[in-house]
Amino acid sequence: MESSSVSADLHIILNDICCGAGHVDDLFPFFLRHAKQIFPMLDCMDDLRKISDLRLPPNWYPDARAIQRKIIFHAGPTNSGKTYHAIQRFLSAKSGIYCGPLKLLAHEIFQKSNDANVPCDLVTGEERVFANEDARQAPHVACTIEMCSTNTPYEVAVIDEIQMIRDPARGWAWTRALLGLCAEEIHVCGEPAAIDLVTELMYTTGEEVEVRNYERLTPLTVLDYALESLDNLRPGDCIVCFSKNDIYSVSRQIEARGLECAVIYGSLPPGTKLEQAKKFNDPDDPCKILVATDAIGMGLNLCIRRIIFNSIVKPTVNEKGEKEIDSITTSQALQIAGRAGRFGSSFKQGEVTTMHRDDLVQLRDILNDAVPPVKAAGLHPTPEQIEMFAYHLPDATLSNLIDIFVSLSQVDGMYFVCNIDDFKFLADMIQHIPLNLRSRYVFCTAPLNRKEPFVCTTLLKFARQFSRNEPLTFDWLCRHTKWPLAAPKNIKELVHLEAVHDVFDLYLWLSYRFVDMFPDAVLVRDIQKKLDDIIQIGVCNITKLIRASQSAAAPGTAEAVSEDFPLSRTQKDARAVSDRHGAASTEALSIAVEAAGLRRVKNSRPSRLGSRQEDVKSYGRGSLANRLLQEGLLTQEMLRQLESCGRQMSTRLFRILHCAMRWILEAELQEKKVEKEALQF
């Protein structure tokens, strides 16, 4: 009552209660008024629930529901010809649309169509290419799946890689295409695991599904032996790694043996990937070995004889956004292994094995497992739904609007709401910039890797310039990126060039949504092609860049690209070899401890984050091995196994160390807690 911030009417009520003339229940209207200020959605909860009701997605597409569509599911493994048959129908139709997961796939269909004298346009988030010189729209279009139109009628539509409807981030795009495309025939291509879900979804629209099953066109054999040494490489081999650092390490070791290799990984520009694939496929080129990530699983035609898994553990992010390191799934293993022995290539059968002997049995088990069925399709709030939310909650930030939408949304068992962490990250990043809601939403859906600081900073500058109504010109972009750029001299410079390429992609993506504010798309595309050539030079000389990076680093260390999952099984470069016998067990244990801590550190409460990270770091200094031996959690046999394999830890041992690390951390935290309480007492 002595507070000056208490309103007069509340002061009177409090005074009455103190004097016995009022009851504590008289405070309830004031509490309710306060609650509505803190939670403004309470006043319009019914309206918000209706807006966020996602239980009947088929009703969002009245044009598609107005026609009776024929659904044909082409089911089969990689290299079975399923997509080929769908594309043949696409080419023979009067009009058609191809929807693929990658720009490379859309570009491939665009090329094939026009080569077959079927005029076809190309539409991706960053590019529009017309088949007709006068820029008239062609009857056929090849596009990335997010860019498909649900309003244009077609005779035939092809939806590729339908199993990605379960993808936590992009699944909504496949759901939208499947339910919303206005085509007389919808040809769906993908894994048999998606048949049941697609059939159920089409049942809700009153449409039947015809399933056409395909078998692999060439045999695929799992070898009885592992590669074990890079000395056993043969022409046509592809080593699959799951981190950039492993790519760098393996490629350098191959070059040390006098062999030349091509390199393909996800963050490379599409043009560079195609050039590396062309180099590897060329029978007259001395390059006969490919080192790649799982980026080869889609979008590239490669003449591979044998797939060699450098590791069968892969970093992933689970549904809660937590980082995990786990064995690859059956679907992933089949997708990658299936690239060997492609039909029509110079190799009539494919082979698959592992680099390490102890991985081979597990890989065989993974490949023999049945692919679990796809159980749910992704959904994502539309701009119109968010605008309606904003009408009812005008003071809420975009990030809060998304949170409220997801918390109130209702979905049935066949659907799930896609992960919106990237969207919220960008929404929070540009929240302080004055933008209207529609423009803010567009900026937040921009396709960028939020782990790239340079790209994120550029988006922030784009948004700030946009808010001032100042066009982002070619000269402005050149000043920001310091164009022209020279060929990279080390790995760090190569990574920066890849980030600049992403910035150019971001500019082009925004130029198709805000034409007046991003006016120089043609000039930017020209310099992006030049940058692609520069990056190709760097990738062709990647081993030289690695050596330059290591020579520039401090003695006894090596420069490596920072990664979220620094778990490597192939760090056998000069640095590792020189001290492997003396520090193998300590290094391997340190890596296991750091990786074990990754999963929980990200989502720890702020009060524990700093201490937890320090705990994780401190255990990598050699004392943990003795500690684990004393506690009985690590035996001498396990330690000898560590010393013999160094960084090449088996998944079993990694999990044991993970559990041990968690046990020790929890015990120490409990001990500190007790000590603190004793001191306070």
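Computation of the quantities below employed the complete heavy-atom set of this structure, encompassing side-chain atoms and omitting hydrogens, waters and symmetry-equivalent molecules. Small disclaimer: the values here were computed from a predicted structure and weren't measured. FYI, the numbering just counts along the sequence from 1.
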Under 3.5 Å: donor-acceptor pair, side chain of R176, backbone of H380: no

F518-W509 aromatic ring centre distance below 6.0 Å: no

Geometric class of the H480/F454 ring pair [parallel <30°, tilted 30-60°, perpendicular >60°]: parallel

Pairs touching residues 12-35 that satisfy salt bridge (charged side-chain N to carboxylate O under 4.0 Å, His left out), sequence neighbours left out: D9-R33

R440 (side chain) donor-acceptor with I433 (main chain) under 3.5 angstrom: yes

Chi angles and distances behind the side chain to side chain donor-acceptor pair (under 3.5 Å) call for T124, E127: CA-CA 5 Å; T124 70; E127 191 174 17; 4.5 Å; no

Pairing of K103 and E126 as salt bridge, 4.0 angstrom limit: yes

A183 to R69 - nearest heavy-atom pair and separation: O-CG, 3.2 Å

Side-chain donor-acceptor contact under 3.5 Å, Q431 with S399: no

Parallel, tilted or perpendicular: ring planes of F405 versus F389, cut at 30 and 60 degrees: tilted

SG on C44 to OH on Y391, rounded to 0.5 Å: 10.0 Å

Aromatic ring pairing F462/W476, orientation class (parallel under 30°, perpendicular over 60°, tilted between): tilted

Beyond-backbone contact of L379 with W60, side-chain heavy atoms, under 4.5 angstrom: yes

W174: which of D160, I159, L179, V198 passes side chain to side chain contact (heavy atoms under 4.5 Å, CB included): I159

Side-chain donor or acceptor of Q163 paired with backbone N/O of E191 under 3.5 Å: yes

Side-chain donor-acceptor contact under 3.5 Å, R525 with S511: no

Donor + acceptor pair across side chains of S3, S5 (<3.5 Å): yes

Salt bridge (charged side-chain N to carboxylate O under 4.0 Å, His left out) involving D403 - partner list, sequence neighbours excluded: K424

Check: Y507 side chain, L472 main-chain N or O, donor-acceptor pair, under 3.5 Å: yes

Minimum-distance pair of heavy atoms, taken over all atoms of L435 and A463: CD2-O, 4.1 Å

Nearest-0.5 Å distance that lies between atom OG in S327 and atom NZ in K314: 12.5 Å

P372 versus R166, closest heavy-atom pair with distance: O-NH1, 3.9 Å

Rounded distance (nearest 0.5 Å) linking atom CG of D167 with atom CH2 of W172: 11.5 Å

Donor-acceptor contact present, side-chain Y512 to main-chain R128, <3.5 Å: yes

Residues E161, R170: salt bridge by 4.0 Å N-O rule: no

